[in-house]
Amino acid sequence: MFNLLRMDLRRLFKTRSFYIILGVTAGLILMVVLLTAVVSDPETLDYVDVHGGEIDDIDLRMSEEIRNMTQLDLAYEVLGGGFLLVIAGIGVTLFVSGDFTSGFVKNICCAQPRRVHYVLSKALAAGVYSAVITLLGTLLILLAPYLYGMRPVPNTALEILRYLFWMWLPHWAFSLMGLALVLLTRSATLGIILSLVAGGGLTAVMAGTLGKLLGWPPLEQYFLSTVVKGVYVPQSGIAQPGVILACAAAWAVIYGAGSLLAMEKRDI
């Protein structure tokens, strides 16, 4: 299996789509941080006010709050909405679907008949993929503000490392959804659609609405998009590490079992 994993990682880092996704991720985060810097700049607000724009007390308070944010407060605002979940889900979906669109999966399964090894290799590669995405997103959030003249309050190295770890786990678990859907459908379409929908939190909202109508407990709090929002809560730090770990592990087991079942039950 380790030979299979080495091959997957080698292919991953040579795949053009991997670097395209990294570039898109970096570009979007830089744009968001730039807009945040513009909104928080007092000189910009004065300029808009002088030239006829409407600047009220709410705008001024928001600008001041942004200037007083810590580095992880800013990360919470930018990444807590599930942007990196979407990127990780789509990236793994495209990576795994490449085996089927090219027909390469036939060669792999011929050389490695035990399909559990194929699933484990892809799951570990998804962990590396999601780690790179999480690390890139966090580093850009920490460094990009200084490019635009912002000076967020620094967090300690330990706080940042803890944030990275607890962000990585749910992103890894979420990326396994793409693996399961590709193995089930042999197509990237459903994985991309559900990455957009679930990563953005729509499925959690729907589950919460349905739960209220039916009198169910708040199941939406266990969705990975909700978990990511709670990884860092301003003024509180890391929120409930046990919940994050349990939810990430539970979804990883669900998606992993689904992947293995889909791989075993269908012919290649």
Look at the side chain of S97 and the backbone N and O of L94, then say whether any donor-acceptor pair between them is shorter than 3.5 Å.
yes
Relative to the ring of F165, is the ring of W168 parallel (under 30°), tilted (30 to 60°) or perpendicular (over 60°)?
tilted
Report, as yes or no, whether the 6.0 Å neighbourhood of atom OH on Y222 holds more than 12 heavy atoms from other residues, nucleotides or ligands.
no
Would a distance-only check, ignoring hydrogens and angles, find a side-chain to backbone donor-acceptor pair under 3.5 Å from T15 to S17?
no
My understanding is that only residues two or more places apart in sequence, or in another chain, count here; which of them pass ring-ring contact (aromatic ring centres under 6.0 Å, His included) with F95?
none
Should the pair F223 and W251 be assigned to parallel (<30°), tilted (30 to 60°) or perpendicular (>60°) ring geometry?
tilted
Please walk me through it: do D99 and R11 pass salt bridge (charged side-chain N to carboxylate O under 4.0 Å, His left out)?
CA-CA 11 Å; D99 286 353; R11 287 179 52 237; 2.8 Å; yes
How close do T226 and E220 get, counting heavy atoms only, and between which atoms?
OG1-O, 2.8 Å
ring-ring contact (aromatic ring centres under 6.0 Å, His included) assessment of F13 paired with Y19
CA-CA 8 Å; F13 292 115; Y19 295 99; 7.4 Å; no
In chain order, what residues pass the ring-ring contact (aromatic ring centres under 6.0 Å, His included) check against Y146, with sequence neighbours excluded?
none
Can you tell me if R67 uses its side chain to pair, donor with acceptor, with the backbone of S40 under 3.5 Å?
yes
Side-chain donor/acceptor of N155 to backbone N/O of Q71, under 3.5 Å
yes
